Protein chains: 2
Amino acid sequence: MDLTPACGLSIEEAASTFAALGSEQRLGVLRVLVRAGPPGLSIGALGAAAGVTGSTLTHHLRILTQAGLVQQTRQGRSIICAAAAFDRVQALSGYLLTECCADCATPGEHDHG
Amino acid sequence: MDLTPACGLSIEEAASTFAALGSEQRLGVLRVLVRAGPPGLSIGALGAAAGVTGSTLTHHLRILTQAGLVQQTRQGRSIICAAAAFDRVQALSGYLLTECCADCATPGEHDHG
DNA sequence: TGTTCATTTCGATAATCTTAGAAATATGGA
DNA sequence: TCCATATTTCTAAGATTATCGAAATGAACA
């Protein structure tokens, strides 16, 4: 039986991506990063803005990067980080909305109120 | 300074909701539940279908319920669980899309391809 | 090549999460 | 009341995650 969902995320990928977002610290980092926009921020600047530095920041950044939520590019001595949340969040909501609900509901009908 | 986002989720709520989804086991439980649709399933039936039982299931169910992803109703001897993922996923994507990106992008412009 | 700045790896500790068995609680029925 | 069923609480072990300081690596520049 094929369990691969339509949105292209396996249950393992979905879980680890959700887990990557499941930390206030990382959500804070991502927040700074997303607000910084396409140009991104160096890891140093990011750490200063988010209140996380050194090896701890490296740790969280690895998790966010592996989840595809952040992209890194070397620029001179620094490493520039930029958020890539749009696609991921769409894939994530797609995971629950399309994959999980394929049998029981039509996505698009759900209402917020 | 007010950090409350437009989508109504605080960073703490967002993080704990993401964390609730950040487990293959819980994602599996939620999957069964969402596919079961509005009528829901008893905890026993849910556990049997998802391959999780007893205290472990109680544990995961508490997390999902506290995150607002699952709702429980007593029905005779059993407790019926039903998924409430639609609203939450919308709030969650809203969190990243609206709250995080308020300064740098207009939600709605992001494209999947 | 040597120096400096930026980031990572290493190593250790504390904290949190997961899982599960056994006992306890709650509900419905005889 | 007594019994059977359904779920939870208690308790504890094992696994994973978070955090941090110090040393190490990588890149640019004199």
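These numbers were taken from a predicted model, which means no experiment stands behind them. Residue numbers begin at 1 in each chain, while the letters A, B, ... track the order of the sequences. Reckoned from all heavy atoms, side chains included, excluding hydrogens, waters and symmetry mates.
Phosphate proximity of dT7(C) to Arg62(A): absent, as no side-chain N or O sits under 4.0 Å from OP1 or OP2. Phosphate proximity of dA20(C) to Ser55(B): absent, as no side-chain N or O sits under 4.0 Å from OP1 or OP2. Checking the phosphate oxygens (OP1, OP2) of dT18(C), a side-chain nitrogen or oxygen of Arg26(B) falls inside 4.0 Å. In terms of phosphate contacts, Gln25(B) brings a side-chain nitrogen or oxygen within less than 4.0 Å of OP1 or OP2 of dT19(C). Under 4.0 angstrom from either OP1 or OP2 of dT7(C) there lies no side-chain N or O belonging to Thr58(A).
To the nearest angstrom, P of dG14(D) lies 18 Å from NE2 of His59(B). Nucleotide dT7(C) holds its P atom 8 Å from the CZ atom of Arg74(A), rounded to whole Å. In this structure, Ile80(A) atom CD1 and dT7(C) atom P are separated by 8 Å, rounded to whole Å. Taking atom CD1 of Ile43(B) as the reference point, atom P of dT9(D) lies 10 Å away to the nearest angstrom. Put simply, CG on Leu41(A) is 15 Å from C1' on dT7(C), counting in whole angstrom units. With rounding to whole Å, Ile79(B) atom CD1 is found 6 Å from dT7(D) atom C1'. Rounding to whole angstrom units, CD of residue Glu24(B) and C1' of dT19(C) are separated by 15 Å. The distance from atom CG of Leu57(B) to atom P of dA6(D) is 14 Å, rounded to the nearest whole Å.
Toward the 5' end of DNA chain D, the nearer of the two residues Gly76(A) and Ser23(A), judged by each one's closest nucleotide, is Ser23(A).
The distance from the CG atom of Leu69(B) to the CG atom of Leu21(B) is 5.0 Å, given to the nearest 0.5 Å.
No side-chain donor-acceptor contact under 3.5 Å links Gln66(A) to the backbone of Ile63(A). The backbone N or O of Glu13(A) lies less than 3.5 Å from a partner atom in the side chain of Ser16(A), making a donor-acceptor pair.
In this structure, the side chains of Leu61(B) and Leu46(B) come closer than 4.5 Å at one or more pairs of heavy atoms. Two residues are said to be in side-chain contact when any heavy atoms from C-beta on lie closer than 4.5 Å; Leu57(A) and Thr53(A) fail this criterion. Side chains of Ile80(A) and Gln72(A) form no contact here, defined as non-hydrogen atoms less than 4.5 Å apart. Side-chain contact between Cys81(A) and Leu33(A): present, with at least one pair of heavy atoms (C-beta onward) separated by less than 4.5 Å.
Taken residue by residue, residues 14-21 of chain B places no heavy atom nearer than 4.0 Å to DNA chain C.
Across all strands, Leu61(B) comes closer than 4.0 Å to no nucleic acid atom at all (heavy-atom distances). The residue His60(B) sits close only to the backbone: its heavy atoms come under 4.0 Å of sugar-phosphate atoms, none of a base. Heavy atoms of Gly54(A) sit under 4.0 angstrom from at least one base atom. Using a 4.0 Å heavy-atom cutoff across all strands shown, Ser78(B) reaches sugar-phosphate atoms only and no base atom. Counting any heavy atom pair closer than 4.0 Å across all strands shown, Thr53(B) reaches no nucleic acid atom. Residue-level contact check: Ile63(A) touches the backbone only, with heavy atoms under 4.0 Å from sugar-phosphate atoms and none from bases.
Checked by distance alone, Arg77(B) brings no side-chain donor or acceptor within 3.5 Å of a matching partner on the base of dT7(D).
The side chain to side chain contact (heavy atoms under 4.5 Å, CB included) test with Leu64(B) singles out one residue from Val29(B), Thr17(B), Leu27(B), and that residue is Val29(B).
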